[in-house]
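Values below: all heavy atoms of this structure, side chains included; hydrogens, waters and symmetry mates excluded. None of the values given here were measured: they were computed from a predicted structure. Counting from 1, the numbers follow the sequence of the chain as shown.
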Amino acid sequence: MGRTKMFGLVAVCGLLAGCLGQTQSGDQARNADAKEITLTIVANSAVGGKNARGANWLQNWVIPKFTELQKAKGVTATIKFEQNGAGDEDFKTKVALDLKTGGGGDIIEIDGIWLGELAQAGQIKPLGDVVGNTDWDGWDQIPKAVQGLGEFDGKRYGVPMGTDGRVLFFNKNLFAQAGLPADWQPKSWQDVLDAGAKLKALPGVTPIQLNAGSAMGEATTMQGVLPALAGAGRPIYENGKWQGDSAQLKDVLGLYQKVYGDGLGDPVLQQEAKGRDRSFQLFGENKIGILLESDYFWRSVVEPKNGVAKMADRDTAVGWALVPAKQAKAGVGGQDFVSMSGGGVRVINPNTQYPRQAWEFMQFLNSAEAVKESLAGTAQLTQRQDVNDEVLKGDPMLTFIAEKVLPITRYRPGLADYPKVSAALQQATADVVAGKSPDEVATAYRAALVKAVGEANVG
């Protein structure tokens, strides 16, 4: 999915008194002293199938460990695991329907992009409204920016799971040939374009891969438009409005014009059905100089042993740098550098019969011990800084993401209209790559946006 793998969408359902829909939400102390509980864990994962690592973790470690901890407290907990392997959208539909009808699980693990949509529909509620006191020492280990993955309209709805971060990857072999430094860190868009101009002198090399067009799909939005918008100083959605044909959007379209109009990017590659995969191969073949991607690129694409575009010399040939704002202090929040991230979030069903126990289980799932165990020995970014400090210490790139990127990152707005907005942004970049002017494209984008979300929702 081009971002950090989730363990699957997990739901925990209290069945002591039957259907969740038979209870009334709002009683935060309901069944707080129960000595016998049954929790069902429903995950979009299956042992030997989809998200198998997460399924193994739940079945073989989480269930017995949590049951043991409860027994030590004098609570008999029966934990069941119901396995699934549905497509993400199908599972999202199931989760939404369950919540809408007052059923579903006690703890539900969702893609962060769904959070706002479920919140706006009233199907999930702020964590404190459901469980009461949400004090937890784990919050101190989750960077504030990462906590934003579980927040909507300024309220906390859940606990983030693993996340990722986007940077500029660059090919040190090509940089050396072009006379560029191995420790390259651009401080503005112009610095990136200047590096691209030097790389352009190398035969057979595409200087910059900035995802564009509809064929790239969401990769265009997440690895192109949204980081650039953050660098221009304005997120795609704020104060209840989607960004229209603003000065910042025109700045971003202008950046695309410079990349593709000046021959720094390959416009044909953006139109290919497998263009993103092709760009990975070309980078590994020393034919692309700079590429904006998530840490997925490092750990799963050019990874020397098991990557989809293996680079035997990855550790010496691949460099990385923070994505600069348009210029110093021009990014969102006055930042010099920006990023975008994805990831999952655990939320608690407002209809749970056991709000206090559900919160206890939530804390356990996100404890340092559990998070470390979920990795099964792999090096991957987690939501917890203490775990990252330990499991990533041998990987300089992922350590860089944890220490430098996560504190400054942003997330997509998890709203029902987002996919339509994303599609309009993809088309806008395609139009610029095809040679249309930023002003012309911005006007057409606004018209498409108004048609998709309504005039009142465009700012």
Side-chain angles (χ1 to χ4, degrees), residues 6-18 20 23 28-49 51-84 104-109 127 130-142 158-162 344-349 352-378 380 382-391:
M6 298 195 312
F7 301 130
L9 288 123
V10 177
V12 183
C13 179
L15 299 176
L16 184 62
L20 285 178
T23 67
Q28 299 164 347
R30 182 170 57 250
N31 296 322
D33 298 323
K35 296 300 181 183
E36 186 172 341
I37 62 173
T38 297
L39 302 175
T40 298
I41 302 176
V42 184
N44 195 15
S45 60
V47 174
N51 296 317
R53 191 178 81 194
N56 290 331
W57 174 65
L58 286 168
Q59 178 171 285
N60 301 325
W61 192 86
V62 168
I63 291 175
K65 189 73 172 180
F66 188 71
T67 301
E68 177 186 329
L69 291 172
Q70 291 300 300
K71 184 177 181 180
K73 294 175 52 182
V75 175
T76 300
T78 301
I79 312 295
K80 299 178 181 179
F81 175 30
E82 179 185 322
Q83 301 182 42
N84 293 268
D106 289 276
I107 289 184
I108 308 170
E109 209 170 278
L127 189 58
V130 179
V131 306
N133 188 344
T134 61
D135 288 348
W136 174 46
D137 58 7
W139 295 123
D140 293 336
Q141 294 297 335
I142 304 177
V159 181
M161 296 167 56
V345 182
R346 292 188 179 98
V347 297
I348 295 180
N349 191 329
T352 176
Q353 294 181 8
Y354 305 104
R356 297 285 169 82
Q357 293 91 334
W359 174 228
E360 185 177 355
F361 190 77
M362 176 92 89
Q363 293 173 69
F364 174 72
L365 287 167
N366 291 281
S367 66
E369 182 184 16
V371 170
K372 182 181 176 183
E373 189 70 27
S374 72
L375 296 175
T378 64
Q380 188 168 323
T382 78
Q383 68 274 39
R384 293 188 62 110
Q385 198 67 47
D386 51 357
V387 175
N388 290 338
D389 288 344
E390 180 179 350
V391 303

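Partners of Asn388 by side-chain hydrogen bond (donor to acceptor under 3.5 Å, both in side chains), not counting sequence neighbours, listed by chain and number: Thr382. For Gln141, the side chain to side chain contact (heavy atoms under 4.5 Å, CB included) partners are Arg384, Gln385, Asp386, not counting sequence neighbours. Residues satisfying the side chain to side chain contact (heavy atoms under 4.5 Å, CB included) test with Glu390, not counting sequence neighbours, are Lys372. Legend: residues meeting salt bridge (Lys or Arg N to Asp or Glu O under 4.0 Å) with Lys73, ordered by chain and number and at least two apart, are Glu360. Remark: Gln383 engages Asn366 in a side-chain hydrogen bond (donor to acceptor under 3.5 Å, both in side chains) (not counting sequence neighbours).
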Tell me which donor-acceptor pairs under 3.5 Å the side chains of residues 131-140 have, and how far apart each pair is, sequence neighbours excluded?
| unit_1 | atom_1 | unit_2 | atom_2 | d |
| --- | --- | --- | --- | --- |
| Asn133 | OD1 | Asp135 | N | 2.8 |
| Trp139 | NE1 | Thr134 | O | 2.9 |

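Taking each heavy atom of Ala34 and Tyr354 in turn, the nearest pair found is CB-CE2, 4.0 Å. Residues Val371 and Ser374 approach most closely at O-OG, 2.6 Å, considering heavy atoms.
Side-chain atoms of Asn31 come within 3.5 Å of backbone atoms of Gln353 as a donor-acceptor pair (strictly under, hydrogens ignored). No donor-acceptor pair under 3.5 Å is formed between the side chain of Asn349 and the backbone N or O of Ile107. The closest donor-acceptor contact from the side chain of Thr378 to the backbone of Gln380 lies at 3.5 Å or more, if one exists at all. A distance-only check finds no donor-acceptor pair linking the side chain of Arg346 to the backbone of Met161 [under 3.5 Å].
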- For Phe364 and Val62, what are the C-alpha separation, side-chain angles and deciding distance, and is it a side-chain contact (heavy atoms from CB on, under 4.5 Å)? CA-CA 9 Å; Phe364 174 72; Val62 168; 4.1 Å; yes
- Item | Stepwise side-chain contact (heavy atoms from CB on, under 4.5 Å) test for Val159 and Ile142 | CA-CA 9 Å; Val159 181; Ile142 304 177; 4.0 Å; yes
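Under the 4.0 Å criterion applied to side-chain N and carboxylate O atoms, Lys65 and Glu369 are assigned as salt-bridge partners.
Trp57 and Phe66 have their aromatic ring centers separated by at least 6.0 angstrom.
For the atom pair Asn60 CG and Glu373 CD, the distance stands at 10.0 Å (nearest 0.5 Å). The CD atom of Glu36 lies 12.5 Å from the CD atom of Gln70; values are rounded to the nearest 0.5 Å. To the nearest 0.5 angstrom, Gln357 atom CD is 8.5 Å from Asp33 atom CG.
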